[in-house]
Amino acid sequence: MNNGTTAGTAPAQAGAVSSPNVFAAVDIGASSGRVMLGRVSTASGVSLETIHRFPNGVVNLDGGLRWDFDALFAEVLKGLAAAAAVARENGERIVSIGIDTWAVDYGLVDKAGALTAQPYSYRDERSRATVERVHAIISPEKLYATTGLQYLQFNTVYQLAAEPNLDGVQALLIPDLIAFLLTGERRTEATNASTTGLFDAVSGAWATEFLDALGLPRNIFPPLIQPGETVGTLLPSVIGQTGLPVDTTVVAVGSHDTASAVAAVPAETLGTNGPADFAYISSGTWSLVGVELDAPVLTEASRKANFTNERGVDGTIRYLRNVGGLWLLSECQRSWAAQGFSQSLPALLDSAAALPAGGPQINADDPAFTAPDNMPDRIRAAVRNTGAVLPDRPAAVVRCIMDSLAAGYARTLADAERLTGRSTSVVHIVGGGSQNRLLCQLTADATGKPVIAGPVEATAQGNVLVQARAAGVVAGDLAEMRALVVAGTALERYEPTTALQSIRS
């Protein structure tokens with residue numbers, strides 16, 4: 001089913017980079033994290049070296065689904081220590097550290113700087129009960145007209161409304177919490193701030209009238225900082241634990257991982273109307289599907305379509321909608337492994353690709369799929385609710401997931417074009433999903449547009465590029481940074497199949 005062809009150059013090798021300056025990227029997702037070293041050359045682009053990988057996930061703790069943040073931060077320190085050792089061996093110098101993670105979640109820190117409890121996960125159900133209470137004070141229409149944020153029941157505004165006591169504490173979003181523990185400086189990076197539901201999409205400042213209306217302290221979040229600005233230098237205790245140079249800084253990047261990923265979309269591969277006519281899909285645990293704009297779209301039609309306007313690097317707007325992601329697949333694999341079925345992912349995808357098109361589909365971003373456990377059973381139940389039947393075979397479930405994701409991508413991109421009045425000529429898939437050949441081909445078929453897949457590590461590349469520009473190693477705007485991604489990445493192109501194009505027309 002794959003008709004992928006190479007669309008870019010081979011990845012640059014670390015040896016091609018002459019600069020002794022390297023950058024550490026802490027990149028943490030909902031299921032795993034990594035610390036990487038990034039090397040940047042204006043001639044050969046960005047190369048990444050994975051230094052340390054570690055698992056991440058929610059745990060049942062103190063009556064809710066939480067992140068084991070203490071363990072997570074210990075892994076970050078372990079990775080930074082390993083990165084410092086590798087740099088020393090290579091005669092290199094780590095200039096700075098950039099941190100990106102998932103959005104909306106936070107830890108509460110008291111005046112002494114202590115974390116009051118392990119942070120709740122957005123997958124916990126506690127905020128469901130606060131939605132109506134928030135909307136009774138600030139209508140959904142007013143919330144959207146100011147913040148431009150897609151409604152999700154776990155947005156930070158609803159989570160904060162569930163807190164029993166916020167006296168004497170500040171909420172630090174997860175990447176800001178890591179930066180605080182490294183530097184002692186409290187800041188809120190703007191791309192992640194824009195996911196809270198308490199950030200003004202036009203002014204780029206906190207929506208203080210909402211904080212007041214909800215009875216939240218005006219200083220509940222630390223001051224804002226923009227990508228490329230310095231958070232601070234490392235604390236002596238961190239230097240002692242990691243062996244990093246004493247002048248190593250933490251630099252704010254697009255700390256919402258999607259902001260970093262979109263910064264590294266290799267949009268220079270376009271043709272017809274210039275870089276602005278691309279669509280992107282950041283495909284991982286979630287799928288973030290949208291376009292890049294210069295200004296937010298705050299219309300009622302946009303709100304009803306549940307599109308979000310989140311900040312990107314250089315003041316851009318990531319106009320997108322959350323669509324279900326590869327969480328569905330990973331949860332199915334986990335369930336099957338527990339049952340003794342351990343077929344590899346490539347073999348599963350090959351078996352799914354061999355099945356005929358036109359099988360049953362689900363709404364992949366239905367909230368029913370947010371929580372973990374028993375995912376294959378829930379998917380089959382959702383198919384039954386449509387009047388269809390999904391065979392019990394893993395290959396059939398995988399094909400249902402892939403077809404459903406691709407269909408969801410196509411619907412979302414069509415909505416984005418309608419709501420923005422813009423057409424797109426190509427779809428860039430970055431992140432883990434760019435390696436999924438079946439998903440990439442089905443997306444090309446469903447959208448009727450060519451798909452360019454890669455880079456896999458777009459988030460880390462965007463993270464490193466912002467650091468490198470802050471250090472003066474590279475210069476220019478997003479287009480020039482993206483050209484470096486193209487120079488150092490092997491891209492793959494998928495064309496829509498003729499049969500599906502003719503059916504669509």
Side-chain angles (χ1 to χ4, degrees), residues 1-5 279 281 283 286-287 289 305 321-333 335-336 341 343-369 374-418 424 426-427 429 432-453 492-505:
M1 188 161 191
N2 165 52
N3 66 351
T5 56
I281 301 171
S283 177
W286 287 91
S287 303
V289 183
R321 188 163 64 201
N322 282 37
V323 180
L326 295 173
W327 159 261
L328 299 172
L329 179 58
S330 62
E331 276 297 291
C332 284
Q333 287 181 278
S335 292
W336 291 326
F341 179 83
Q343 189 173 14
S344 70
L345 179 58
L348 268 175
L349 292 171
D350 286 344
S351 298
L355 296 175
Q361 295 182 15
I362 57 172
N363 176 9
D365 49 331
D366 190 310
F369 302 123
N374 302 316
M375 191 63 72
D377 292 342
R378 278 186 280 161
I379 289 173
R380 283 192 293 272
V383 169
R384 283 196 300 273
N385 289 338
T386 69
V389 176
L390 182 64
D392 196 27
R393 302 191 312 277
V397 176
V398 172
R399 181 57 186 260
C400 175
I401 293 170
M402 297 299 107
D403 283 335
S404 301
L405 289 177
Y409 296 168
R411 287 192 301 271
T412 302
L413 291 180
D415 286 344
E417 291 182 337
R418 172 178 57 84
T424 59
V426 66
V427 179
I429 297 183
S434 67
Q435 294 179 300
N436 188 319
R437 290 173 173 265
L438 175 58
L439 180 59
C440 291
Q441 183 60 58
L442 290 174
T443 300
D445 295 342
T447 61
K449 304 176 190 292
V451 165
I452 296 176
E492 198 163 12
R493 185 181 181 97
Y494 297 79
E495 296 290 348
T497 60
T498 303
L500 282 175
Q501 282 182 303
S502 63
I503 291 171
R504 188 176 295 103
S505 60

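In this text the structure is predicted, and so the values were computed from the model without any measurement.
The two atoms that bring Ser287 and Gly324 nearest to each other are OG-O, 2.9 Å, heavy atoms only. Heavy atoms only, all atoms of each residue included: Ser351 and Ala395 are closest at CB-CB, 3.7 Å. Contact between Trp286 and Asn322 at its shortest, heavy atoms only, is CE3-ND2, 4.1 Å. In this structure, Cys400 and Val383 approach most closely via the heavy-atom pair SG-CG2, 4.0 Å. Ser283 and Ile429 get closest at one heavy-atom pair: CB-CG2, 4.1 Å. Closest approach of Phe369 and Trp327 over heavy atoms only: O-NE1, 2.8 Å.
Summarising the geometry, atom CG belonging to Asn436 is positioned 9.0 Å from atom CG belonging to Leu405; distances are rounded to the nearest 0.5 Å. Of the inter-residue distances, the one linking Ser344 atom OG with Asp350 atom CG reads 8.0 Å to the nearest 0.5 angstrom. The structure places OG of Ser335 at 9.0 Å from CD1 of Ile379, a figure rounded to the nearest 0.5 Å.
Leu355 is listed as a side-chain neighbour of Arg393, based on a closest heavy-atom distance under 4.5 Å. Side-chain atoms of Leu413 and Glu417, non-hydrogen and from C-beta on, never get closer than 4.5 Å to each other. For the pair Trp336 and Val398, the minimum side-chain heavy-atom distance is below 4.5 Å. Two residues are said to be in side-chain contact when any heavy atoms from C-beta on lie closer than 4.5 Å; Tyr409 and Leu439 meet this criterion. When side chains are defined from C-beta on, Arg437 does not count as touching Leu349, because their heavy atoms never get closer than 4.5 Å. A 4.5 Å side-chain heavy-atom check between Leu348 and Phe341 finds at least one atom pair inside the cut-off. A 4.5 Å side-chain heavy-atom check between Met402 and Leu326 finds at least one atom pair inside the cut-off. Contact of the Leu442 side chain with the Arg399 side chain is registered, since non-hydrogen atoms from C-beta on lie closer than 4.5 Å.
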Report all side-chain donor-acceptor pairs from residues 361-368 shorter than 3.5 Å, counting only partners two or more places apart or in another chain.
residue, atom, partner, partner atom, Å
Asn363, OD1, Asp365, N, 3.4
Asp366, OD1, Ala368, N, 2.8

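Side-chain atoms of Thr447 never come within 3.5 Å of backbone atoms of Ala410 as a donor-acceptor pair (strictly under, hydrogens ignored). Checked by atom type and distance alone, the side chain of Glu495 never pairs as donor or acceptor with a backbone atom of Lys449 at under 3.5 Å.
Test Val389, Asp403, Leu390 against Pro360 for side chain to side chain contact (heavy atoms under 4.5 Å, CB included) and you get one pass: Leu390.
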Between Leu329 and Leu345, does a side chain to side chain contact (heavy atoms under 4.5 Å, CB included) hold up when you go through it step by step?
CA-CA 9 Å; Leu329 179 58; Leu345 179 58; 3.6 Å; yes
